[in-house]
Undergrad: 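First the structure, which I've put down as structure tokens, then a few questions once you've had a look.
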Amino acid sequence: MNEFIFNSMFKDTNIPVIVCEAGDEMIVSFANREAYLLLNPSIILEKPDADSSLKVPLRQLMRFQNEREQDHIRQTLEHAGSLSQYPLKLISPEERVISVKIAANIACLGESKYIIIYVFYDDSDCDSSNKYNDILAYVLNTSYHSTDINQAVQMILSRVGEYIDVSRVYIFEDLFNSYTRNTYEWCAPGVEPAIQDLQNLCKDDYSYDIIVNPSGLYVSDDVSTLTEKDRAILEPQGIKALAILPLFQHDTLIGFIGYDDCMKTRRWSYRELMFLKGVGSVISSLIIRRNEETEIIRSYEVLQTISDNIDSIIFVNDLETFELKFVNRTLTDQLGIESDGVLGRKCWEVLQKGMDGPCPFCSIPKLKCSGFAPNKGVLEYEHQNTINGNWYWVKDSVIRWVDGTLAHFEVAIDITLRKKCEEQLHYFASTDALTGVSNREWGIKILQKTHGSLQMTKPAVSLCFIDLDGLKSINDIFGHAAGDEAINSVARAISKRIRKDDMVCRWGGDEFLVLLGCGVMDADAIICNIQEDLKAKVLEGTGSALSFSYGIVDFTMFDSVDAAIAAADSFMYYNKNSKPSRIKDIR
């Protein structure tokens with residue numbers, strides 16, 4: 001990611017720029033095309049795009065005449081933080097000595113520390129040459145360190161305009177169709193600004209195609225020598241000489257930068273124009289960065305507007321740090337949290353309650369298994385939020401975020417109402433309307449599911465068939481309402497004694513099946529306790545206690561559910577009729 005940043009900033013800069021790690025070896029992380037042209041032209045022939053991943057020590061790229069120079073540069077930077085006009089003798093690929101001067105500074109990106117080196121030909125020891133290098137070093141440092149690009153551009157225009165002694169410096173950028181716009185301007189004291197009158201200038205109204213010609217320069221030492229069409233635009237502004245340089249994003253024209261002298265005609269020197277070309281390349285990189293940042297902001301705003309009008313929760317967070325990059329209004333509204341201060345916090349701190357680390361159900365480790373690749377599928381699951389208690393259908397994936405990094409993207413659809421409906425449907429489908437215990441259909445499903453797992457787990461499981469004694473007499477004497485209450489009393493007594501993982505279902509009118517997770521002897525003790533509970537209570541309106549007959553079998557001993565039920569039923573009738581014993585050993 002850092003190499004990408006350096007590439008976008010310095011690739012098209014017209015002076016050699018080298019970026020290396022701030023370690024003992026000063027490993028080269030990036031070098032632009034100009035650096036390779038100066039220090040090792042053969043690399044350009046082999047790799048036209050200048051391979052920025054050349055992981056070699058600085059001394060291998062910059063062949064110092066003095067082998068201790070690399071250590072001296074590093075130590076000086078560690079002590080002073082920057083270098084300016086530092087003279088060096090390098091050995092060229094042709095084994096000749098090259099005199100250069102460098103400017104350097106230390107830069108931090110995240111947790112990484114880098115050294116940025118700007119290399120200047122030292123072909124003259126005159127003051128003007130040194131001053132050019134100083135100004136260009138200032139331009140580069142301002143470009144890199146400023147967080148406000150518009151401010152950085154204005155600072156550069158001001159410093160450069162004052163140094164080359166012009167009246168006005170301005171930037172025109174291409175608009176859609178055939179128009180350009182004056183976006184930045186610096187004026188010397190006493191010079192009237194013109195930016196307000198040049199916001200939508202048609203390219204056909206001036207020599208646009210000549211200005212942006214392939215040679216990359218449009219220079220006039222004396223405006224009076226230009227065409228009548230151009231003079232008609234320039235002379236009313238008092239311009240006597242000018243230099244205009246096109247600005248490019250790679251090979252695409254994005255505008256131009258101009259320097260007007262309203263005080264005098266002048267002869268633009270080669271060194272001066274080469275210096276201005278260097279400034280132009282830095283300005284181009286700043287405009288590109290500004291446009292990219294503007295596009296990111298615009299994309300973010302569009303996404304925010306769209307997502308704020310969607311009923312689903314949407315958020316984006318960092319795959320490594322878990323810090324939130326984006327949340328929509330639905331998230332803050334449903335979770336009842338303030339939107340201020342949310343971004344940058346860990347997702348579990350905001351989205352869950354009582355968490356001090358990644359959630360147990362976090363999908364990021366699973367996404368990591370796919371290599372964190374975008375468009376590699378979506379993980380879907382249900383989750384109940386711990387803050388509001390709502391249920392959500394969650395869709396997680398990896399996306400390329402607006403800043404170019406990979407991020408975790410989640411959409412959570414509130415399914416609380418659906419879950420409640422499902423619970424109600426499940427209740428109606430599985431529950432006996434009279435007693436509230438499981439009905440026959442659901443009981444069969446539980447029995448079949450349990451029987452299917454017996455071959456793998458081999459647990460102790462018993463099946464009991466219960467039949468209420470004397471229900472017909474209760475109905476005949478006291479009415480069906482009393483009979484229903486008798487059935488309910490048995491169901492309540494069973495439910496009170498069995499455990500959560502056990503099962504009771506109403507099998508028929510006054511018949512119940514009970515599945516107990518224990519052996520037959522323990523199951524018999526439980527059923528006896530249920531009988532005792534019933535004996536201790538008198539059925540309301542009858543003056544008598546209730547009792548039931550039952551049969552218990554080892555559920556694991558049968559090849560099918562039907563066979564186990566039939567055996568327990570048969571044993572119940574045997575006990576109802578004779579009651580010599582409550583347990584039958586069918587083995």
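The first residue of the sequence shown is numbered 1, and numbering continues consecutively from there. All of these numbers come straight from a predicted model, not from anything done at the bench.
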Undergrad: Any chance you could lay out the salt bridge (charged side-chain N to carboxylate O under 4.0 Å, His left out) test for R298 and E301, step after step, and finish with the verdict?
TA: CA-CA 5 Å; R298 184 181 296 113; E301 290 174 346; over 6 Å; no
Undergrad: With a 4.5 Å heavy-atom cut-off, do I117 and V17 have their side chains touching?
TA: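 No, too far: nothing below the 4.5 Å cut-off.
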Undergrad: Considering all heavy atoms of both residues, which atom of S143 and which atom of R289 are nearest to each other, and what is their separation?
TA: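 For S143 versus R289, the nearest heavy atoms are O-NH1, 2.9 Å.
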Undergrad: Is H451 reaching over with its side chain to a backbone N or O of A564, donor-acceptor style, under 3.5 angstrom?
TA: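 No, the answer is negative, given that no donor and acceptor are paired below the 3.5 Å cut-off.
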Undergrad: Can you see which heavy atom on S495 is nearest to which on V437, and at what distance?
TA: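 Heavy atoms only, the tightest pair is OG-CG1, 3.5 Å.
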Undergrad: Roughly how far apart are E320 CD and L406 CG, rounded to 0.5 Å?
TA: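 Spacing of CD (E320) from CG (L406) equals 10.0 Å.
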Undergrad: Can you tell me how far apart CD (E410) and OG (S397) are? Round to the nearest 0.5 Å.
TA: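 Rounded to the nearest 0.5 Å, the CD-OG separation comes out at 9.5 Å.
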Undergrad: Would the number of heavy atoms belonging to other residues, nucleotides or ligands and lying under 6.0 Å from CG of D356 be above 12?
TA: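 Open: at most 12 neighbouring heavy atoms sit under 6.0 Å from CG of D356.
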Undergrad: To check you understand the geometry: which heavy-atom pair defines the closest contact between S462 and I552, and what is its length?
TA: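 Heavy-atom minimum between the residues: CB-CG2, 4.1 Å.
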Undergrad: Evaluate D562 against S560 for side chain to side chain donor-acceptor pair (under 3.5 Å), listing each step before the verdict.
TA: CA-CA 5 Å; D562 290 342; S560 68; 5.5 Å; no
Undergrad: Going from SG on C347 to CZ on F322, what distance comes out if it is rounded to the nearest 0.5 angstrom?
TA: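 It comes to 6.5 Å.
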Undergrad: Go through the side-chain N and O atoms of D414 and T416 and say whether any donor and acceptor fall under 3.5 Å apart.
TA: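 Side chains of D414 and T416: pair found under 3.5 Å.
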Undergrad: Can a donor-acceptor pair be found, under 3.5 Å and without considering hydrogens, that links the side chain of D524 to the backbone of V520?
TA: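 Pair absent, no side-chain N/O of D524 close to backbone of V520.
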Undergrad: Between I106 and Y114, is any pair of side-chain heavy atoms under 4.5 Å apart?
TA: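 I106 does not reach Y114 side chain to side chain.
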Undergrad: Looking at K472, is its backbone amide N or carbonyl O close enough to the side chain of N475 to form a donor-acceptor pair, meaning the two atoms are under 3.5 Å apart?
TA: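 No, because the side chain of N475 does not come within donor-acceptor range (under 3.5 Å) of the backbone of K472.
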Undergrad: Is a side-chain donor or acceptor of D308 paired with a backbone partner of R329 at a separation under 3.5 angstrom?
TA: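 Looks like yes, one N/O pair under 3.5 Å.
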Undergrad: Can you list every ring-ring contact (aromatic ring centres under 6.0 Å, His included) pair that touches residues 386-407, not counting sequence neighbours?
TA: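 Qualifying pairs: F326-W401.
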Undergrad: Do side-chain atoms of T431 reach the backbone of F428 as a donor and acceptor pair under 3.5 angstrom?
TA: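 Not at all, since once roles are kept as given, no pair shorter than 3.5 Å links the two residues.
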Undergrad: Under a 3.5 Å threshold, yes or no: a donor from one side chain and an acceptor from the other, between T435 and N488?
TA: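 Looking only at side-chain atoms, N488 and T435 do not form any donor-acceptor pair under 3.5 Å.
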Undergrad: Between E349 (side chain only) and M355 (backbone N and O only), is there a donor and an acceptor less than 3.5 Å apart?
TA: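 No; zero donor-acceptor contacts below 3.5 Å.
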Undergrad: Taking the side chain as C-beta and beyond, is there a heavy-atom pair between P459 and L454 under 4.5 Å?
TA: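 The answer is yes; the side chains approach within 4.5 Å.
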Undergrad: Could you tell me whether the side chain of I364 reaches within less than 4.5 Å of the side chain of N317, counting heavy atoms only?
TA: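 Yes, their side chains come closer than 4.5 Å.
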Undergrad: Would you say the side chain of K419 lies within less than 4.5 Å of the side chain of E422, judging by non-hydrogen atoms?
TA: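 A side-chain contact exists here, since the closest heavy-atom pair is under 4.5 Å.
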Undergrad: Would you check if the side chain of E323 reaches a backbone N or O of R345 as a donor-acceptor pair within less than 3.5 Å?
TA: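 No: the side chain of E323 does not pair with the backbone of R345.
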Undergrad: Using the side chain to side chain contact (heavy atoms under 4.5 Å, CB included) rule, take T405 and K325 through it: C-alpha gap first, then chi angles, then the decisive distance, then the call.
TA: CA-CA 11 Å; T405 62; K325 293 171 171 281; 3.6 Å; yes
Undergrad: Using 4.0 Å as the upper bound for N to carboxylate O, is an ion pair formed by E532 and K537?
TA: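 Not counted as a salt bridge, because no side-chain N and carboxylate O are separated by less than 4.0 Å.
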Undergrad: Do side-chain atoms of N328 reach the backbone of S312 as a donor and acceptor pair under 3.5 angstrom?
TA: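 Yes; judged by distance alone, with no hydrogens or angles, the pair exists.
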Undergrad: Drop me the distance from M26's CE to I18's CD1, to the nearest 0.5 angstrom.
TA: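 Spacing of CE (M26) from CD1 (I18) equals 9.0 Å.
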Undergrad: Between Y381 and F361, what is the ring plane arrangement, given parallel below 30°, perpendicular above 60°, and tilted in between?
TA: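 Geometry flag for F361 against Y381: tilted rings.
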Undergrad: Test side chain to side chain donor-acceptor pair (under 3.5 Å) on D396 and S363 and set out the steps.
TA: CA-CA 7 Å; D396 289 340; S363 63; 2.6 Å; yes
Undergrad: Pairs of donor and acceptor atoms involving the side chains of residues 505-514, under 3.5 Å and at least two apart or interchain, shall be tabulated with distances.
TA:
residue	atom	partner	partner atom	Å
R506	NE	G508	O	3.1
R506	NE	G509	O	3.2
R506	NH1	D432	OD1	3.3
R506	NH1	D432	OD2	3.4
R506	NH2	G509	O	2.9

Undergrad: Could you tell me if the side chain of N385 sits less than 4.5 Å from the side chain of L335, heavy atoms only?
TA: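 L335 reaches N385 side chain to side chain.
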Undergrad: For a side chain to side chain contact (heavy atoms under 4.5 Å, CB included) check, start with the C-alpha distance between L515 and V504, then their side-chain angles and the critical distance, and finish with the verdict.
TA: CA-CA 6 Å; L515 189 67; V504 56; over 6 Å; no
Undergrad: For the atom pair CG (L351) and CG (N388), what is the distance rounded to the nearest 0.5 Å?
TA: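 Answer for the CG-CG pair, L351 versus N388, is 10.5 Å.
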Undergrad: Does the side chain of C464 reach to within under 4.5 Å of the side chain of Y550, using non-hydrogen atoms?
TA: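 Yes, side chains in contact.
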Undergrad: Dump the intermediate steps for side chain to side chain contact (heavy atoms under 4.5 Å, CB included) on I526 and C518, then the final yes or no.
TA: CA-CA 10 Å; I526 293 171; C518 57; 4.2 Å; yes
Undergrad: Output, in order, the C-alpha distance, side-chain angles, deciding distance and verdict of salt bridge (charged side-chain N to carboxylate O under 4.0 Å, His left out) for R418 and E423.
TA: CA-CA 8 Å; R418 193 193 82 184; E423 290 173 1; over 6 Å; no
Undergrad: Determine whether a donor-acceptor pair (N or O, by modelled atom type, separation under 3.5 Å) exists between the side chain of S453 and the backbone of T450.
TA: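 Checked: pair present.
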Undergrad: Quick check on K346: does its NZ atom have over 12 non-hydrogen neighbours (other residues, nucleotides or ligands) under 6.0 Å away?
TA: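 Correct, the count exceeds 12.
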Undergrad: Determine, using ring centers only, whether F315 and H408 are less than 6.0 Å apart.
TA: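 When the ring centroids of H408 and F315 are compared, they turn out to be within the sub-6.0 Å range.
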Undergrad: What is the distance from atom NE2 of H383 to atom SG of C359, rounded to the nearest 0.5 Å?
TA: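 Rounded to the nearest 0.5 Å, the NE2-SG separation comes out at 6.5 Å.
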Undergrad: Given side chains that start at C-beta, do those of L516 and V461 come closer than 4.5 Å, heavy atoms only?
TA: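 No; the side chains remain at least 4.5 Å from each other.
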Undergrad: More than 12 heavy atoms of other residues, nucleotides or ligands under 6.0 Å from CG of D559: yes or no?
TA: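 Open.
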Undergrad: Decide side chain to side chain contact (heavy atoms under 4.5 Å, CB included) for W442 and H426; before the verdict, give the C-alpha distance in whole Å, the side-chain angles of both, and the deciding distance to 0.1 Å.
TA: CA-CA 10 Å; W442 193 253; H426 172 74; 3.0 Å; yes
Undergrad: Could you check whether E78 pairs with R74 (Lys NZ or Arg NE/NH1/NH2 to Asp/Glu carboxylate O, under 4.0 Å)?
TA: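 Yes, charged N to carboxylate O under 4.0 Å.
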Undergrad: Apply side chain to side chain donor-acceptor pair (under 3.5 Å) to the pair D469 and S549, showing each step before the final yes or no.
TA: CA-CA 7 Å; D469 295 330; S549 299; 2.9 Å; yes
Undergrad: What's the shortest heavy-atom distance between G517 and D502, and which atoms?
TA: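 Closest heavy-atom pair between G517 and D502: N-OD1, 2.9 Å.
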Undergrad: Determine the minimum heavy-atom distance between S299 and V402, stating which atoms define it.
TA: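 Smallest interatomic distance, heavy atoms only, reads CB-CG1, 3.9 Å.
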Undergrad: Measure across F571 and G551 and return the closest heavy-atom pair with its distance rounded to 0.1 Å.
TA: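 That would be CD2-CA, 3.7 Å.
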Undergrad: With a 3.5 Å distance limit and no angle check, can you tell me whether S307 reaches the backbone of Q304 through a side-chain donor-acceptor pair?
TA: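 The answer is yes, because a donor-acceptor pair under 3.5 Å joins these two groups.
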